[in-house]
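Read through the structure below, which is laid out as structure tokens, and then see the notes.
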Amino acid sequence: MTNSDRIIVPLDVPDLESAIALLDLLPEVNFWKVGLELFVSSGAEILGILQERQKKSFLDLKFHDIPNTVAGACRSASRYQVDLLTLHATAGRQALTAAKEAISDLLSPPKLLAITVLTSLNARELALDLKIPLELSEYALNLALLGKESGIDGAVCSPQEVAQLRRVCGEDFLLVCPGVRPSWSSKGDQSRVMTPAQAIKAGADYLVIGRPITGAEEPKVAWTKICQELTDI
Ligand SMILES: O=c1ccn([C@@H]2O[C@H](COP(=O)(O)O)[C@@H](O)[C@H]2O)c(=O)[nH]1
């Protein structure tokens with residue numbers, strides 16, 4: 001796998017037409033993420049289109065509910081033949097275990113990823129608003145380990161925690177990092193960021209890079225620039 005194969009681009013657009021326009025604009029992207037905005041507006045049709053175009057897909061709906069509901073949602077989502085699927089680690093051990101169990105008899109189930117601490121949150125919000133008494137990095141590690149112990153395949157974490165998670169969770173645990181920002185792009189609402197090269201060097205398997213590419217004046221140029229930055233590492 002080349003480093004550019006490690007980039008997942010989110011289709012964070014309001015409708016199917018805009019999503020297809022992005023696919024057409026960036027044919028070199030092999031891995032796309034479908035999140036809440038597009039799925040809520042347009043449903044699952046985009047997942048079939050990605051399959052037809054032989055692209056890999058990441059369905060990022062971040063399930064967070066009681067065990068029975070999370071398990072049912074994971075089983076339903078598996079029908080779309082997606083490669084990756086997210087649920088919140090904070091749904092708890094029983095929900096994580098039930099999710100894994102619900103798809104265990106499928107021929108090619110998606111890999112389940114546990115969301116740890118959203119990359120938009122900072123340490124102050126975690127402590128003062130969410131009243132989490134642990135250090136942010138310790139909390140993220142605990143959530144990733146809860147996922148691992150429950151049979152989940154990997155975690156979504158910030159690049160700032162990925163080295164620690166890699167060290168503790170091992171090489172086989174899939175680590176996917178949003179919160180990735182080239183030095184030339186703005187952070188937007190992301191708090192805990194690193195550059196693409198730093199995130200890969202720290203141990204990320206995949207990087208989710210959205211607005212620096214899709215919001216650029218010339219998305220193709222931005223994509224190429226990021227790929228070049230990654231060939232030099
Ligand atoms: O902790 C998380 C979990 C998921 N995301 C998602 O990743 C992309 C990031 O997009 P950018 O435009 O590069 O900020 C977006 O779809 C989020 O829903 C995340 O950012 N942080």
Side-chain angles (χ1 to χ4, degrees), residues 1 4-66 68-88 91 95 98-100 102-115 118-120 152-154 156 174 176-180 188-190 205-220 222-223 226-227:
M1 179 159 66
S4 56
D5 291 330
R6 295 183 186 278
I7 304 175
I8 302 175
V9 180
L11 286 164
D12 288 335
V13 290
D15 51 49
L16 189 61
E17 200 185 9
S18 315
I20 293 171
L22 267 179
L23 300 186
D24 290 341
L25 186 64
L26 294 167
E28 46 284 272
V29 176
N30 286 319
F31 211 152
W32 292 93
K33 181 170 90 69
V34 175
L36 290 166
E37 184 180 6
L38 181 59
F39 198 85
V40 169
S41 82
S42 311
E45 197 177 339
I46 185 66
L47 298 170
I49 294 171
L50 288 171
Q51 232 185 351
E52 278 164 22
R53 296 186 184 208
Q54 298 180 330
K55 303 293 182 186
K56 291 172 87 178
S57 61
F58 173 5
L59 184 57
D60 183 24
L61 299 181
K62 300 185 184 69
F63 298 136
H64 192 193
D65 212 313
I66 60 170
N68 184 58
T69 304
V70 168
C74 287
R75 188 152 178 106
S76 294
S78 298
R79 270 191 227 130
Y80 303 127
Q81 306 280 307
V82 295
D83 296 283
L84 302 175
L85 182 63
T86 47
L87 68 169
H88 275 279
K100 187 66 185 177
I103 60 168
S104 61
D105 62 332
L106 302 179
L107 268 183
S108 54
K111 298 249 189 253
L112 295 182
L113 299 176
I115 301 282
L118 291 171
T119 52
S120 53
I152 298 300
D153 304 288
V156 174
L174 206 54
V176 177
C177 293
V180 177
D189 56 358
Q190 297 286 6
D205 292 298
Y206 289 100
L207 311 178
V208 178
I209 312 180
R211 286 163 290 179
I213 299 171
T214 56
E217 240 168 67
E218 294 181 276
K220 220 177 174 56
W223 161 265
I226 291 172
C227 291

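Residues: numbered from 1 along the sequence shown. Note that this is a predicted model, so its numbers are computed, not measured. Below, all heavy atoms of this structure are taken into account, side chains as well, without hydrogens, waters or symmetry copies.
Checked against side chain to side chain donor-acceptor pair (under 3.5 Å), Ser42 has no partners two or more places apart in sequence or in another chain. Partners of Ala98 under the side-chain contact (heavy atoms from CB on, under 4.5 Å) rule, at least two apart in sequence or in another chain, are Pro67, Ala71. In this structure Ala222 satisfies the side-chain contact (heavy atoms from CB on, under 4.5 Å) test together with Trp184, Ala216, sequence neighbours excluded. By the salt bridge (charged side-chain N to carboxylate O under 4.0 Å, His left out) test, Asp12 pairs with no residue at all, sequence neighbours left out. For Ala19, the side-chain contact (heavy atoms from CB on, under 4.5 Å) criterion is met by Leu11, Val13, Leu38, Ile46, not counting sequence neighbours. For Ser57, there are no side chain to side chain donor-acceptor pair (under 3.5 Å) partners at least two apart in sequence or on another chain. In this structure Ala21 satisfies the side-chain contact (heavy atoms from CB on, under 4.5 Å) test with no other residue, sequence neighbours excluded. In terms of the salt bridge (charged side-chain N to carboxylate O under 4.0 Å, His left out) criterion, Asp65 has no residue partners (sequence neighbours excluded).
Across every non-hydrogen atom of Ser41 and Pro14, the tightest pair is OG-O, 2.7 Å. Minimum interatomic distance between Ala77 and Val82 (heavy atoms only, all atoms of both residues): O-CG2, 4.2 Å. Residues Phe39 and Ala44 approach most closely at CE1-CA, 3.8 Å, considering heavy atoms. Summarising the geometry of His88 relative to Lys62, their closest heavy-atom pair is CD2-O, 3.4 Å, with the distance given to 0.1 Å.
Here CG of Leu85 is found 7.0 Å from CD1 of Ile103. Values are rounded to the nearest 0.5 Å. Atoms CG and CZ, from Leu84 and Phe58 in turn, are 5.5 Å apart once rounded to the nearest 0.5 Å. Distance check, rounded to the nearest 0.5 Å: CG of Leu174 to CG of Asp83 gives 10.5 Å. Distance check, rounded to the nearest 0.5 Å: CE of Met1 to CZ of Arg6 gives 3.5 Å.
Sparse packing is recorded around CG of Asn68, with 12 or fewer heavy atoms of other residues, nucleotides or ligands lying under 6.0 Å away. No more than 12 heavy atoms of other residues, nucleotides or ligands lie within 6.0 Å of CD in Glu45, so this atom counts as exposed by the packing criterion.
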Quiz prompt | Steps toward side-chain contact (heavy atoms from CB on, under 4.5 Å) verdict (Ile7, Val9) | solution = CA-CA 6 Å; Ile7 304 175; Val9 180; 4.2 Å; yes
Exercise. Start with the C-alpha distance between Ile209 and Ile226, add both sets of side-chain angles, then the distance that settles side-chain contact (heavy atoms from CB on, under 4.5 Å), and finish with yes or no.
Key: CA-CA 10 Å; Ile209 312 180; Ile226 291 172; 4.0 Å; yes
Self-check item: side-chain contact (heavy atoms from CB on, under 4.5 Å) assessment of Ile49 paired with Lys55
Solution: CA-CA 9 Å; Ile49 294 171; Lys55 303 293 182 186; over 6 Å; no
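Side-chain contact of Gln190 with Ser120: a donor-acceptor pair under 3.5 Å is absent, judged by distance alone.
For residues 14-24, the salt bridge (Lys or Arg N to Asp or Glu O under 4.0 Å) pairs, not counting sequence neighbours, are Asp24-Arg53. Applying the side-chain hydrogen bond (donor to acceptor under 3.5 Å, both in side chains) test to pairs two or more places apart or on separate chains, those with a residue in residues 206-217 are Lys56-Tyr206, Asp189-Arg211.
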Could you tabulate the donor-acceptor pairs under 3.5 Å formed by side-chain atoms of residues 105-115, not counting sequence neighbours?
unit_1: Asp105; atom_1: OD1; unit_2: Arg75; atom_2: NH1; d: 2.8

Show the atom names and distances, to 0.1 Å, of all donor-acceptor pairs under 3.5 Å that link a side chain in residues 27-34 to residues at least two apart or in another chain.
unit_1: Glu28; atom_1: OE1; unit_2: Lys220; atom_2: NZ; d: 2.9
unit_1: Glu28; atom_1: OE2; unit_2: Lys220; atom_2: NZ; d: 3.3
unit_1: Trp32; atom_1: NE1; unit_2: Val29; atom_2: O; d: 3.4
unit_1: Lys33; atom_1: NZ; unit_2: Asp60; atom_2: OD2; d: 2.6

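With contacts defined as side-chain heavy-atom distances shorter than 4.5 Å, the pair Cys177/Val208 does not qualify.
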